[in-house]
S.K.: 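Before I ask anything, here is the structure I am working with.
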Amino acid sequence: MNVLAALLRSWRLSKADEDLGPCFMDSLPYNPLLNPLIIAKVFAYSGQKDLLNYRLVCKSWNGFATSLLQSNSYATVRQESDLKRLLRLTKHSSNSFPITRFYIKLATLDNTSHLLKTLSMPTIVSLKVVIPSKLFPQSLRTIQQHMKSLRHLVICRLPELSFEAIVSVSADTERATNYGFMPKLISLTLRNGNPNRNFLATYDLVVSDFIRSARSLKSLDFCDWNCLARVFRECPLDSLKSLRVIGGKVSEGDLVVLMNKKELKLERFVARVDRSVRKELLDQFLKMRVGAATSSNCKSGSGVKVRVTLPLSSSPPS
Amino acid sequence: MALVRVISSDGAAFLVSQRLAKRSGKLKTEIETFRKSSDNSEAQPEIRIVTIRAEILRLVLQWLQQHQNDPVLPANQNEQDGRGDAEMGQSQWDRDFLAPMDLGIVMELILAANHLEVKGLLDITCKLVESKITGRTVDEIRTAFKLKSDFKGNEEEQTRLENRWCVEN
């Protein structure tokens with residue numbers, strides 16, 4: 001059997017020689033396929049499957065193919081067994097793993113520590129993750145502590161089913177200011193995984209601390225998130241350019257808080273405002289913080305995108 | 001018309017216009033250096049390319065001749081992902097130009113285009129090489145391009161396992 005396999009192998013190799021020409025490489029002064037510029041150009045036309053294959057050729061090809069894959073491929077994790085295998089593979093070094101963008105979408109978690117271990121992989125740059133409510137504070141802190149290279153984060157938090165699921169966060173540990181900064185995070189989306197239910201525990205200080213740690217955050221989205229007031233109050237939001245509140249409502253109090261943030265200058269504001277909000281206040285807010293003179297259902301002017309949905313019963317804006 | 005003599009490693013001289021030669025980054029620099037060091041502004045520059053033989057140099061010049069009226073792109077434009085112009089518009093002429101060449105000539109052309117800094121030619125030849133290696137097994141690539149496996153210990157096996165995870169997810 002082995003002899004047969006060896007014969008087949010040598011036949012395949014000699015066939016490859018015939019196709020490609022046997023010794024043309026010998027006459028070259030150096031191997032062009034070890035020159036970084038040339039490899040980069042050759043690999044630029046390759047698909048993911050080929051690049052994975054090229055990783056096995058030699059160390060320098062491995063390095064080039066890996067960095068190219070890291071910049072443009074992603075993976076979806078649906079099974080806990082896949083997550084376990086990923087953790088085993090990246091146990092010693094996660095720098096050489098060819099994927100840095102993960103969508104971790106696990107419906108059930110038998111052993112939640114696997115998720116938390118994944119959240120401490122330092123090279124991940126983009127992450128979408130579904131987190132059960134009881135793991136929410138712990139997960140945010142793990143991310144804040146370990147994932148310094150993260151640029152884009154989408155957290156889908158599943159609401160609690162009962163009060164028993166709430167983890168008590170004691171007053172002294174609730175503030176997470178000691179967990180370090182997220183220097184590269186530019187976009188953050190916080191989503192309620194089940195819009196029919198509100199969160200019982202808001203963990204709004206945990207959320208605020210997390211947002212505060214992202215000093216260069218440009219885009220912040222809340223989807224069906226029912227606890228915004230304190231988050232707005234606690235976070236400076238200086239660097240923010242885009243704020244979207246989808247599914248929830250922005251109250252007059254929220255607008256006043258945002259209006260008092262002197263450094264805030266939004267280029268995009270998408271929100272549904274509560275019916276209690278006075279039109280004058282909204283106009284003033286848009287003028288001061290979004291750079292638009294008037295509010296309407298859909299308004300864009302001077303390169304600034306504003307979409308404010310007013311309650312149906314209030315008088316239509318002029 | 002100002003001319004320049006370009007001499008290959010095996011001594012063949014090609015007389016080409018300076019305008020054409022200057023489309024190669026390397027030749028352009030050489031011509032400018034010659035101008036600065038020469039007292040006689042009318043003197044004809046002579047550039048010796050010691051790494052490129054006549055057959056290959058002729059092909060490079062032939063390609064330059066065909067593309068002499070293409071707009072010159074700044075070095076980094078359209079380079080965000082390493083892809084060059086080949087993607088945008090590889091002409092029928094380019095395809096006919098490359099078609100009869102065996103891979104050995106193509107590899108020499110790549111080295112020449114890289115040395116002479118002729119970006120467009122480098123792009124199309126690299127793309128051709130990619131089309132030759134896509135779908136090949138690791139052993140075939142190693143044998144054909146004389147690349148040696150330099151993995152140590154279980155590095156290759158680890159890479160194989162990582163690849164399998166990536167393919168499955």
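Lettering follows sequence order; numbering is per chain, from 1.
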S.K.: Got T134(B) and S46(A) here, is their nearest side-chain heavy-atom distance under 4.5 Å?
M.R.: no

S.K.: Which one, P29(A), S73(A), A75(A), P32(A), leads in non-hydrogen pairs under 4.5 Å with chain B?
M.R.: P32(A)

S.K.: Where do D50(A) and G135(B) come nearest, in terms of heavy atoms and distance?
M.R.: OD1-N, 3.1 Å

S.K.: Around atom CZ of R164(B), are there more than 12 heavy atoms from other residues, nucleotides or ligands closer than 6.0 Å?
M.R.: no

S.K.: Between N72(A) and chain B, with a heavy-atom cut-off of 4.5 Å, which part of the residue counts as in contact: side chain, backbone, both or neither?
M.R.: neither

S.K.: What closest approach, in Å, do I133(B) and W61(A) show between heavy atoms, and which atom pair accounts for it?
M.R.: CD1-CH2, 4.0 Å

S.K.: Quick one: what part of N31(A) sits under 4.5 Å from any heavy atom of chain B, side chain, backbone, both or neither?
M.R.: side chain

S.K.: Which bit of F102(A) comes within less than 4.5 Å of chain B, counting heavy atoms only: side chain, backbone, both or neither?
M.R.: side chain

S.K.: Is it the side chain or the backbone of N53(A) that comes within 4.5 Å of chain B heavy atoms, both, or neither?
M.R.: both

S.K.: Looking at K128(A), I'd like to know if its NZ atom is crowded, meaning that more than 12 non-hydrogen atoms belonging to other residues, nucleotides or ligands lie closer than 6.0 Å.
M.R.: no

S.K.: I'd like to check Y45(A) versus D123(B) (side-chain heavy atoms, cut-off strictly below 4.5 Å). Are they in contact?
M.R.: yes

S.K.: Could you please spell out the steps behind the side-chain contact (heavy atoms from CB on, under 4.5 Å) verdict for W165(B) and V77(A)?
M.R.: CA-CA 10 Å; W165(B) 191 95; V77(A) 185; 3.9 Å; yes

S.K.: Would the number of heavy atoms belonging to other residues, nucleotides or ligands and lying under 6.0 Å from OH of Y74(A) be above 12?
M.R.: no

S.K.: Check this for me: R85(A), atom CZ, are more than 12 non-hydrogen atoms of other residues, nucleotides or ligands nearer than 6.0 Å?
M.R.: yes

S.K.: Would you indicate whether K59(A), at its atom NZ, is surrounded by more than 12 heavy atoms from other residues, nucleotides or ligands within a distance under 6.0 Å?
M.R.: yes

S.K.: Side chain, backbone, both or neither: which part of L89(A) has a heavy atom under 4.5 Å from chain B?
M.R.: both

S.K.: For a quick test of reading the model, state the closest non-hydrogen atom pair linking L56(A) to F151(B) and the distance between them.
M.R.: O-CE1, 3.3 Å

S.K.: Please identify which of these residues, L51(A), L52(A), L69(A), meets the side chain to side chain contact (heavy atoms under 4.5 Å, CB included) condition with N163(B).
M.R.: L52(A)

S.K.: Tell me, yes or no, whether the heavy-atom count around K49(A) atom NZ, taken from other residues, nucleotides or ligands under 6.0 Å, exceeds 12.
M.R.: no

S.K.: If you tally heavy-atom pairs under 4.5 Å against chain A, which of N114(B), T51(B), I110(B) wins?
M.R.: N114(B)

S.K.: Verify side-chain contact (heavy atoms from CB on, under 4.5 Å) between E162(B) and S96(A), making sure each step is shown before the conclusion.
M.R.: CA-CA 9 Å; E162(B) 288 175 359; S96(A) 65; 3.7 Å; yes

S.K.: Quick one, V129(B) with L33(A), criterion side-chain contact (heavy atoms from CB on, under 4.5 Å). Give me CA distance, side-chain angles, the key distance, then yes/no.
M.R.: CA-CA 10 Å; V129(B) 169; L33(A) 293 181; 4.3 Å; yes

S.K.: Rounded to the nearest 0.5 Å, what separates atom CG in L111(B) from atom CG in L28(A)?
M.R.: 5.5 Å

S.K.: Find the distance between SG (C58(A)) and CZ (R142(B)) and round it off to the nearest 0.5 Å.
M.R.: 8.0 Å

S.K.: For Y30(A), is it the side chain, the backbone, both, or neither that has a heavy atom closer than 4.5 Å to a heavy atom of chain B?
M.R.: both

S.K.: Take atom NZ in K184(A); do more than 12 heavy atoms of anything else shown fall under 6.0 Å from it?
M.R.: no

S.K.: More than 12 foreign heavy atoms under 6.0 Å from CZ of R95(B): is that the case here?
M.R.: yes

S.K.: Just give me the residue among L37(A), N35(A), L34(A), I38(A) that pairs up with chain B most often, heavy atom to heavy atom, under 4.5 Å.
M.R.: I38(A)

S.K.: Atom CZ in R55(A), atom CD in Q158(B): separation rounded to 0.5 Å?
M.R.: 8.5 Å

S.K.: Run the side-chain contact (heavy atoms from CB on, under 4.5 Å) test on L86(A) and N169(B) for me, step by step, so that the C-alpha distance in whole Å, both residues' side-chain angles and the decisive distance to 0.1 Å come before the verdict.
M.R.: CA-CA 10 Å; L86(A) 174 67; N169(B) 286 280; over 6 Å; no

